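Within every chain, numbering begins at 1; the chains are lettered A, B, ... in the order of the sequence lines, protein sequences first and strands thereafter. For clarity, every value in this text was computed on a predicted model and none was experimentally measured.
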Amino acid sequence: MSLLQVNNLTKRFGGLVAVDSVDLVVNKSEIVSIIGPNGAGKTTFFNMLTGIYEPTTGSIKFDGKNIEGISPEKVIDIGMARTFQNIRLFSNMTVLENVIVGMHTRTSNGLLHSILRTKKFKHEEDGCIDKAIELLSTVNLDSKLDEYAKNLAYGEQRRLEIVRALASDPKLILLDEPAAGMNPQETHELMEYIRKLKQMGFTVLLIEHDMKLVMNISDRIYVLDHGAKIAEGTPTEIQNNKSVIEAYLGKGA
Amino acid sequence: MKRYFSLIAILITFALIFTGCTDTGNDTQDTAKDGEITIAVACPLTGDYAQYGEAFKRATALKVKEVNENGGIDGKKIKIELMDDKNDPKEATNVAQRLVSNKNVVGVVGHFSSTACLAAAPVYQKAGLVEFSPTSSHPDFTKQGTYMFRNINTQEIEGPIVADMVVNRMKGKKIAVIYINNDWGITAKDNFIKAAEKLGAEIVAEEMFIGSQTKDFTPTLTKINEQKPDVIFLAAFYSETGMIAQQMKQLGYDYPIAGLSSLFNEELLKLAGDAVEGINLPTNFFPGDPNPVVTDFLSAYEKEYGAEPDQFAAVAYDTMGMMIEAIKKAGPDRAAIREELAKIKDYNGVTGIITFNENRDVVKTMKILEIKDGKFQLVD
Amino acid sequence: MFFQQLINGLTLGSTYALTAVGYTMVFGILELVNFSHGAVYMFGAFVVLMLMTALKLNFMLAFVIGVIITGLLGITIDKICLFPLRKKKAPKVASLISTIGVSIFIQNLVMLVWGSETKNFPLVLNLGSINIGSLKISYLQIIIMMIAVVLMAALTIIIRKTKIGKAMRATAQNMEAAKLMGVNVNFVISFTFFLGASLAAVAGVLVGMYYQSVDPMMGFMAGLKAFAAAVLGGIGVLPGAILGGLIIGVSEILAAGYIHAGFRDAIAFGILIAVLIIRPTGLLGKKVQKKV
Amino acid sequence: MKTALDNLKGKSTKNSLKIIIIIAIALSLLVPFLNLSSFVIRMIIMVGIYIILGLSLNLVTGFAGQLSLGHAAFYAIGAYTSAILSTRFEMSFFITALMGALLAAFFGFLLGLPTLKLEGAYLAIVTLGFCEIVRIVALNWMGLTRGPMGIPGIPAPSIFGIDLGTEVGYYFLIYILAAATIITIYRIVNSRVGRAFIAIREDELAAQSMGINTTMYKVLAFTIAAFFAGLAGSFYAHYVTYIDPQSFTFDESIQILSIVILGGMGSIPGTIIGALILVTAPEFLRSLQDYRMVMYGAVLIIMMLTRPQGIMGASKTKIKRNKLASSKISNKGGE
C-alpha cells in the first residue's frame, strides 16, 4: 500500500527546471532512497514535499490526501517530518528542549495552562519529558539532556535532528543527507539506526550520497539527474544500470 | 550557579552604592549646614532645551554671587543645588523627589517647561516645598497646589496685549496664526485669537508645528500664502521663528510678523539676520531700559559671562531674587518661605515691578519692541 | 499651490535621500542599522560651520575639509564601537545599541563644545530664484536635487565599475567568501563607513544651507526619516534610497499642506508601514529566496 | 554512581537558590519600613516599572527574536487609557489598568500582524513608525488626550477604600505587579508556548517544519508583551498623576530596548539588573551636570563592547524533570 505517491512533479525557478516531472512511490514500512549527483534537484524535491516550495505542476498524494502547496507548518500535522541537509537545530536550546519542540503538534498546552501551571500542564510536560528521554536513549544522547544543541559533536547533532523529527510520531520521515560529514564508524551506527527505525514501524525516505549506506539499507532507490528521474529499482538493479553509471561517471566511462 | 552569585553580588553592590550615594549626599550638606542655605535650581542642562537651562544656571548663579558678596542671608552663604531634568517629565519628578528628600533644600527655582513643572508639582506640593518656575505658563500649573508659583505672565495677560499690538499698531485685519504644538503654544494661540476677534480681526489660518521636530515650514507657509493675510502671528520660540522667517524670505513671501515675548533673544538676530527685520513683539525685559536695576544687571551679567542676558536669564535672575527675599524674611523654613513669597509686593526686578495675584500668578507690565536695523528697539 | 508644494516636497525629499544613502550602504554591507548616522549628519554640518566661522575658511575649503573629517569620524566609529563586536561575533542588536550610544555621545558632545542653541548657517550661495508664474523655485533647491542625483550616479559608478566597488559587492554578498577570495574586507568596511559618513556630511551641510540654521538635535528626526526612506525604497538598494527619500519628503509636505500639519510625520510613517505590508522588502528591494 | 552525585549536586544548587530567593523576598518586603528616603523609594518604584517594560519587550525581542523599536507605544496606550478612564469616568485603578493593558494588547495584536512577513530592519522601522504615530496622535487628538496639555490630576489608586497613594501603597502595588509579570513571563518562557517562541528565534524555518505556526506565535508574543507594557503604563499614569506625549517618545523605546540588551536578551534576571542599572544610572551621573548624557552614551558603548551578550547572557530555560524521568536515566546509566 502506498503511503506517498508523487506524480509528474515539476519545479521551475525562472527558466531553470530544478525538478522535471518526477514520479515516485513510497510504500508503508519501506526504506526508499533518492540519489543523484550534486544539483540533481533532490533537496528541491524534498522542499516541495514539505511545503517550503510550491510545485509548478504535478501532484503529491500523502496518506490518501493531495497535499501539494501545503504550508510547511501543516506538513508535520499530517504525519511527515524531516531533517535538513545543513543541520537546523535550535542551537541555543538544550537537547531535551529540541526534542520536545518536535512534539509541538502532538501537544496542546496553551497560554492559560502554562501560566497557571495546571494539572494538565504538568501531566503533559511529564509525558513529553519521558517520551523525549526514551527517544534520546535510542541514539545514546540521554546523558546530554541539558547540553546546548550547539555544543554537541557533529554526529550527535545529526542524531538529535533525527530524534527531533521522530518526536512528532511521523508516518514518514524524510532524511536529507543524514550521513554527511560522518566518519565510517558513525555512518555504520546510523545505518543500524535507520534499520531499527524500519523495525519500529517508521517509513523512511532519504537523500544520501554515501553509496555504501544507500545500497545496504534501501528497499528501493530512485536516481535523479538534472531534475529528471533516470532510473528506479532495487539496489542491485541500480548498481547495474547503465544510465546511472553514466550520470555518475560521465559518458564514455 | 556562578551566574546567580554574580547577580546577587551586583544587586548588593548596587544597593550599597545607592543608599550610600544618597546618604553621603546628605552628609556633606549636614556638615555644611550651619553656614549655608541651599536653594535648588532645576532646569534642562542636557537635551533639546539645554540652552534655556544654561540661561537659568548663569543668571541664578549671578544673583546668588551678588547676595553672597553682600553678606548672604543673615551672614549665611547661599548654595545652589543645580539639577538637570532634561526637560523630561519623568526626570523632573525624580529631581523633585530628590530635592524634597534633601532636607537642606529650602526652595526650588524651576522647572523650565510646563510639562516638567506639572509632572513635578504633586511631589513638591505633598512635601511642602516651593516650586517657583520662572517660565511655566500652563494655566493649570499654579492650580496644582499652594506651593506652585510662577514668574511669567500667563497668556491670559499677554494675549490681549499682543492682540492690541497686532490689530491696532500693525493694522492686522486678516491674521494668520502659526503656533507650536505644546501647552504654551496652544494657550497662547487661544488667548490671542479670543482677544483679536474681540477687536474685530479675522483669523484666516491656524497652523501648528511640532517643536524641535519640524524644520521645514514651506508647506505651512505656502498654504498661508493662499490666504494673503495682513499679519502672521507666531506663537513660537526664537529658533523656529528664525527658520520660519528665513523660509518665508526664500519663498518670496513678505508678510509682517508679530510674536510673543518668547522671541526676545539676541540669538534670533544672529540666526536669521535681515529675515526677521520688522518683527513686533512685547516683552517684560528690555536691556535698553534706562532703569538702574536693569542696567546694573546687564553690566554684571556681561562682566561675568561676556554675553548679553536674554529674557530667560532675566526672569530666572528675578525668580532667584524673590526667592532670596522670601527666605530673608522667613528663615530656612519651607512653609514659612511659601507664606512670605506669596506676600511679596512690588518687587523691583529687571523684568518689571512684580506682584503675585491670589493664584500665585504674576502680573507684570509689558513693553512693545520692534526689530529695526538688526536690533531690538523700543517703540513709542 | 500644488506645484509649489511639490517643489517643496522634492527638495525635502532630496535631503532625506542623501542621508538615506548612508544607511543603505552600511546596511548592504553589514546588515546593520547604523543609528549614529543622524548624529554624524549633524556633526558634518557643525564641523563645516565651525571651520567657516572659527577658522574663517572659505566655504568650498571648509566644505571639503569638513566632509573628510566627518568621513574619518565614520571610520573611527566603526573601528572603536563596531569592529570589536564583529570580531566577537556578537549579536547584531549589540551593534545597534552601540550605535545608539555613539549617537547619544556625539549629540551631547557637540552640545557641550558648541552650545545647544540653534546656529545660523551663512547663506554662502545666494543665487536667487526662478519664477514661473506664481511658482518659485530657488536655485538652492535645484542644487540640492542636482547634488542628490549626481552623488547617486557617482556612487552607482563606484559600485558598478571600480575595483573597490566590486569588493564592496562581494563583501555584501558573502563576507567570508570575499575574505577567502583575497578581498581586504576590513578596508572595504572602512571605506563604506567613510563614504556613508561623508555623504551624511554633504546632506547635513546642504540642509544647513537650505534652512540657514543648524542645531545639535537636527540629526534625530532627519535620521529617522532617512532610515524610513531607505527601508521604503528597499534597504541595501541605492536607487531605492533616492526613491524612498522623495516619496517620504513629498508625502510629508503634501500632508502638511492639505491635511494637517500636526500629522505630517505620522502620515509619512503611515505610508511606510502601508507599503511594507504590501511589499515586505520595500519598493525596489529584491525578494530573497529562502536557502534551505 | 556519577549520575546520583550529579542529582545530589543539582538538588543542593536548587536549594541554595531557593534560600537566596526567599531571603531576597523577605528583605524586599521590609524595604518600605527601613526608613529610606522618599527618593530611594521612588527610584525603586521606577525600577519596578521598567522591569515590567523590559521583561515584556524581552519576550518579543529576546525570546521570540523580533526586534521592536516601538515598545513605548504600548506603554503610552496603557497610560492614556488609564488616565482618560479614571479622570473622565472615575473608574477605579483596577478597572482602568485592566482596560489599559487590554487595549495595549489589542494594538500589539494589530502591530503583530505585519510581522507575518517582515523581518530585521523592516520590522524595526515599522515598530518605530508605529510608536511615532501613537505619539503624534496623542499630541494632536486634543479632544481625547488634551494633546500637549497633558492629563493632570490622575487619581491615586485605592482598593476597598484603602488609599494606595502613599509610598508604601505604591511600593507594594508595583511590587505585586512586577512579581506577577516576572512569574508569568517565566512560566510562559518555560512552557510549550515559550519553547515555540525560542524555536522561532533560533531558526524560523526549522520551527515551521516542527509544525509551529510562526505567524500565530509572533502575534501572540507581541500581544502578551503589549499587555504588560500597557499595565506598566497604567501604573505610571496613576503614580506620576500627570502624563503628556513627551513621556512616550522614541527615546523611551530605546531606553527599554537598552535595558533588555544590557541585561542580556532572553534572560529574565538580566532584564531586572538592566532595569536597575539604566534607571538609576542617570541619577548617579547627575552630579556630572552637563556631562551626564555624554557619559551615558559612553557607558552604553563600553557596556556593549565588554559584554555584547549582556550582563547575564541568555539564561538556560530549564525543564523541570520529575522523579520518574530522572530515575529512568539513572536506571539507564546502570544498565
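Taking the ring centre of A:F90 as origin, the terminal cationic atom of A:R164 falls inside the region bounded by 6.0 Å and 45° from the ring axis.
In this structure, chain D has heavy atoms under 4.5 Å from both the backbone and the side chain of A:S91. A:S168 does not touch chain D: none of its heavy atoms, backbone or side chain, sits under 4.5 Å away.
In this structure, A:E147 contributes its side chain and A:V95 its backbone to no donor-acceptor pair below 3.5 Å. With A:R158 contributing its side chain and A:A179 its backbone, the two residues share no donor-acceptor pair below 3.5 Å.
When only modelled atom types and interatomic distance are considered, A:E161 and A:Q157 share no side-chain donor-acceptor pair under 3.5 Å. A donor-acceptor contact closer than 3.5 angstrom links the side chains of A:Q85 and A:T43.
Note on A:L89, A:T105, A:I115, A:T83: by heavy-atom pairs under 4.5 Å with chain D, the leading option is A:I115. Per-residue heavy-atom pair counts under 4.5 Å with chain A were compared for D:I188, D:I183, D:T214, D:I185, and the maximum is reached by D:I188. In terms of non-hydrogen atom pairs under 4.5 Å with chain D, the most contact-rich of A:S108, A:S71, A:A132 is A:S108. Of the listed residues (A:L116, A:D77, A:V75, A:L111), the greatest number of heavy-atom pairs within a distance under 4.5 Å of chain D belongs to A:L111.
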